[in-house]
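Note sheet for the following structure.
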Amino acid sequence: MAEYEACILGLRLAIDMNAQELLVIGDSDLSVYQVLGEWATKNTKILQYLHYVQELIKRFTKIEFKHVPRIQNEFTDALATLSSMIQHPDKNFIDPIPIGIHKQPAYCAHVEKEIDGNPWFHDIKEYLKNGGYPEHTTHTQKRTLRRLASHFFQSRGNLYRMTPDLHLLMRRCQGGV
């Protein structure tokens with residue numbers, strides 16, 4: 001629904017600006033392909049959004065919808081979520097949201113220590129180093145630890161988190177942090 005609400009808001013803004021041609025780029029393959037008519041939905045909540053988007057589309061002389069994978073479009077996904085949270089009754093616009101982009105890595109220094117005195121990533125580092133589990137770990141906790149550890153790797157004592165495409169490093173957690 002957040003994707004549809006963001007799309008509707010954008011379409012209404014484009015209509016208010018008298019745009020005749022529009023390229024809509026979305027990272028939700030579900031909503032893009034539903035709007036294009038390639039996929040169907042029976043969800044009554046989504047159908048209302050879909051019908052409204054289809055009515056708005058009729059106001060443009062040319063409109064194209066393009067799907068971009070979410071991994072390549074995280075910024076748009078965050079904006080869509082923000083858009084769905086903004087209350088805009090009887091308005092076709094909202095005030096712009098100032099957004100800053102930081103070009104430096106995010107360190108894990110803001111995470112508080114656990115009750116046992118170790119940082120949150122201690123068990124992950126130990127699992128990657130030794131392949132063992134902490135004492136008194138339940139089956140569910142072991143499965144969760146394996147799943148979490150699959151997103152990290154260790155090099156020279158530092159723990160690195162991988163992005164879903166397994167190519168770029170997102171965060172670096174140093175040993176003592």
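When reading the values below, keep in mind they use all heavy atoms of this one structure, side chains included, and skip hydrogens, waters and symmetry mates. Only a predicted model underlies this, so the values are computations on that prediction, with no experimental measurement involved.
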Where H136 and Q141 come nearest, the two heavy atoms and their spacing: O-OE1, 3.9 Å
Q48: side chain to side chain donor-acceptor pair (under 3.5 Å) partners, not counting sequence neighbours: none
Residues Y127, K142; criterion side-chain contact (heavy atoms from CB on, under 4.5 Å); working and verdict: CA-CA 10 Å; Y127 177 79; K142 288 178 182 178; over 6 Å; no
Between NE2 on residue H51 and CD1 on residue I46, distance to nearest 0.5 Å: 11.5 Å
Minimum-distance pair of heavy atoms, taken over all atoms of V35 and V53: CG2-CG1, 3.8 Å
Point-to-point distance, once rounded to the nearest 0.5 Å, from CG of L148 to CG of D123: 10.0 Å
Reported CZ-to-CD distance for the pair F121 and E126, which is rounded to 0.5 angstrom: 11.0 Å
Chi angles and distances behind the side-chain contact (heavy atoms from CB on, under 4.5 Å) call for R12, Y52: CA-CA 11 Å; R12 289 171 66 183; Y52 189 57; 3.7 Å; yes
Considering all heavy atoms, the nearest Q34-T41 contact: NE2-CB, 3.3 Å
Reported CD-to-CD1 distance for the pair Q20 and I63, which is rounded to 0.5 angstrom: 11.0 Å
side-chain contact (heavy atoms from CB on, under 4.5 Å) between I57 and F65, worked out: CA-CA 10 Å; I57 288 172; F65 284 81; 3.5 Å; yes
Inter-residue atom distance L13.CG - L22.CG, 0.5 Å rounding: 10.5 Å
Gap between atom OH of Y133 and atom OG1 of T138 - 0.5 Å precision: 11.0 Å
Listed partners of E64 passing salt bridge (charged side-chain N to carboxylate O under 4.0 Å, His left out), at least two apart: none
Residues F60, I15; criterion side-chain contact (heavy atoms from CB on, under 4.5 Å); working and verdict: CA-CA 8 Å; F60 296 93; I15 290 167; 3.6 Å; yes
Closest non-hydrogen atom pair, C7 against V24: SG-CG1, 4.3 Å
Nearest non-hydrogen partners of L145 and P134, listed with the distance: CD2-CD, 4.1 Å
Residues which pass side chain to side chain donor-acceptor pair (under 3.5 Å) with K66, listed by chain and number, not counting sequence neighbours: none
